[in-house]
Amino acid sequence: MSDYNFAYLDEQTKRMIRRAILKALAIPGYQVPFASREMPMPYGWGTGGVQVSAACLTPGDTFKVIDQGADDTTNAVSIRKFFEKTAGVATTEETARASIIQTRHRIPEEPLTEDQILVYQVPIPEPLRFLEPSEVETRKMHSLEEYGLMHVKLYEDISQHGAIATAYAYPVKVEGRYVMDPSPIPKFDNPKLRMAAIQLFGAGREQRIYALPPYCEVVSLDFEDHPFEATRADHDCDLCGASDSYLDEVIMDDAGGRMFVCSDTDYCRSRRAAGHVGAQGAPYEEGRP
Amino acid sequence: MTALLQVRDLARFYGARRGCEGVSFDLWPGEVMGIVGESGSGKSTLLSCLAGQMAPDRGEVIFDTRGDGPRDTLKMSEPERRMLMRTDWAFVHQHARDGLRMGVSAGGNVGERLMAVGARRYGDIRNRAIDWLGRVEIAADRVDDRPGAFSGGMQQRLQIARNLVTGPRLVFMDEPTGGLDVSVQARLLDLLRGLVREMGLSAIIVTHDLAVVRLLADRLMVMKDGRVVEAGLTDQVLDDPQHGYTQLLVSSVLQV
């Protein structure tokens, strides 16, 4: 190992964060304030998620990082390397092998198990923020369960677009009590929020941690005559042919060429390894992207 | 019959300075009470204390609730009081901008109180919003426009619709016609008078405009330096003022 304390943060800081996490798990959906530290990366790049991961990691863990579902983007690679260097833990790109998964803006396609922890990076934890700028007021609204304003936002969506146009960071109600921002995951992922794994949300700049314990009830807000709908692009993955995964649209050239591919790179790779081939895909070869 | 609102010995101080003191009155169902006085006389302080926006230092504000009968609103828990504020009470601000969400469409503004008390059918919310816009003379095709695109008079009417949509029983108004030109004022007053009659509303109107209280209020309280100096039927007070200050106030009105 190196000169760093295990997982970069000192032990007292990790204890402080663990206390916040335990409180968050005890009150699902409630935003617990914590003393967020300066991390060697800018705010907005996952400082909250990194601190939560650091507080959860043990030497025996296997760590995976995804950014928009992909293991190979800058943010994911940097954070993975960060913990390889400061914690010396094993890392993986395979969802099933990881014990802790830090994610930005996606939930993996493969269902998680009770042995896993999913850590979200959260930019703005307050779902009411864009409607009510005052923190004093939003805290009061949470404590008094005054959530009518959240539906005003959905009402505005329908009146302007004919349907609820909010496509990501879609507000949810947790265990019939707190309204929570599920971080900017696509609303396609909202139904997956009720899962076997522990879900922890860390917002570094805003200094908040919140959590969903396993199998916690999570309901997406909607109207009776405009029910919640999990949407995805009306396509199959062009590489692996999957018809049930969330897709990225990739522009191929200036002539309007495009392809739709799974945003979860590990899911796509494992399907191709199992012999599935999409419309524009080539048969899978080990070691080739 | 029980009074809708019973105020007993209400007082609020700003440090050693008096905001208002020794205010007591009853407001009966369907009654409109005017509070007049020059600026600094304590009428806005009094209104804020009555409407639960400011905590008075002394006194009782007893409201005849739908469920449990007369209760002191100052001793209620905050959730109860806030629930009252969005169901049985309404507050019309002098500046529509204080009472409206400027970033939300007219329909959303009217629908907010409905959604706050649990309405979850978009179609119903929208129909009731359009219905209420009609009642305050705003065309149905403006339902998706933001209040910023409305004139001052329309904003004020929108604020009234937003407040009355849940069928409140008591409306607090702080200079509802302030800053509007006289013809717009006249139509707004006409509208308010109609709504008050039709819905059997009780209202407390704070204003310095004697013409407004003459038209709207059944009863009148005159305030000076934080105290009520004269109270009685509106016409009686305005036609035969007893207190020196009221006489000054009445004689100061410009005759056109």
Side-chain angles (χ1 to χ4, degrees), chain A residues 27 30 124 126-166 169-174 176-179 187 190 217-229 231, chain B residues 52-53 55 76-87 89-90 97-130 132-133 138 140-149 158 161-163 165-166:
Chain A
I27 318 171
Y30 172 71
I124 295 165
E126 179 51 69
L128 301 160
R129 179 58 68 238
F130 291 108
L131 301 155
E132 176 53 65
S134 157
E135 173 74 11
V136 172
E137 189 59 24
T138 52
R139 280 205 210 185
K140 199 173 266 180
M141 289 159 87
H142 280 294
S143 63
L144 300 178
E145 243 182 299
E146 278 181 14
Y147 292 132
L149 201 52
M150 208 70 249
H151 273 86
V152 173
K153 164 130 191 341
L154 301 179
Y155 170 95
E156 289 290 286
D157 261 13
I158 302 173
S159 70
Q160 282 171 29
H161 308 287
I164 297 176
T166 303
Y170 193 102
V172 294
K173 194 161 202 177
V174 181
R177 179 59 182 85
Y178 284 99
V179 165
K187 66 176 169 182
N190 269 26
E217 186 197 34
V218 182
V219 179
S220 304
L221 299 180
D222 60 1
F223 286 103
E224 288 164 23
D225 43 355
H226 284 268
F228 171 81
E229 222 182 326
T231 50
Chain B
Q53 296 179 341
M76 280 183 177
S77 66
E78 187 158 15
E80 281 179 303
R81 194 161 50 237
R82 282 175 73 121
M83 189 63 178
L84 210 55
M85 282 183 191
R86 36 177 214 270
T87 53
W89 288 4
R97 285 173 176 273
D98 297 335
L100 293 172
R101 289 194 190 277
M102 299 306 283
V104 169
S105 70
N109 263 296
V110 179
E112 181 179 342
R113 274 170 80 111
L114 294 172
M115 292 181 251
V117 296
R120 291 292 179 266
R121 282 196 77 82
Y122 173 81
D124 294 353
I125 294 165
R126 194 170 173 80
N127 287 340
R128 285 189 65 184
I130 290 173
W132 264 99
L133 290 182
I138 296 175
D141 62 358
R142 303 298 301 269
V143 66
D144 292 330
D145 290 352
R146 293 189 174 185
L158 178 62
R162 166 184 161 91
N163 271 288
V165 67
T166 46

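Residue numbering restarts at 1 for every chain, and letters A, B, ... go by the order of the sequence lines.
Of all the listed residues (B:Ser77, B:Gly107, B:Gly123), the one sharing the greatest number of non-hydrogen pairs under 4.5 Å with chain A is B:Gly107.
Heavy atoms of A:Lys140 lying under 4.5 Å from chain B belong exclusively to its side chain. With a 4.5 Å cut-off on non-hydrogen atoms, A:Leu221 does not touch chain B at all. Within the 4.5 angstrom heavy-atom criterion, only side-chain atoms of B:Arg101, from C-beta onward, approach chain A. At a 4.5 Å heavy-atom cutoff, the contact between A:Ile158 and chain B is made by backbone and side-chain atoms alike.
For A:Asp225 (side chain) and B:Arg121 (main-chain N/O), no donor-acceptor pair under 3.5 Å exists by modelled atom type.
Nearest heavy atoms, A:Tyr155 versus B:Ser105: CE2-OG, 4.0 Å. The minimum heavy-atom distance linking A:Glu156 with B:Gly108 is given by the pair OE2-CA, 3.7 Å.
Within 6.0 Å of atom CD in A:Glu229, 12 or fewer heavy atoms from other residues, nucleotides or ligands are found, so the atom counts as exposed in its surroundings.
From A:Ser159, atom OG reaches atom CD1 of B:Ile125 across 11.0 Å, with rounding to the nearest 0.5 Å. A:Glu146 CD to B:Met85 CE: the interatomic distance, rounded to the nearest 0.5 Å, is 9.5 Å.
Aromatic ring orientation, A:His226 versus B:Tyr122: perpendicular (interplanar angle above 60°, classes split at 30° and 60°).
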Please determine whether side-chain contact (heavy atoms from CB on, under 4.5 Å) holds for the pair A:Gln160 and B:Asp144, giving the CA-CA distance in whole Å, both sets of side-chain angles, and the decisive distance to 0.1 Å.
CA-CA 7 Å; A:Gln160 282 171 29; B:Asp144 292 330; 5.9 Å; no

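Classification of A:Glu137 and B:Arg82 as a salt-bridged pair holds, one side-chain N sitting under 4.0 Å from a carboxylate O.
Here the side chains of A:Met150 and B:Met115 are not in contact, with every heavy-atom distance at 4.5 Å or above.
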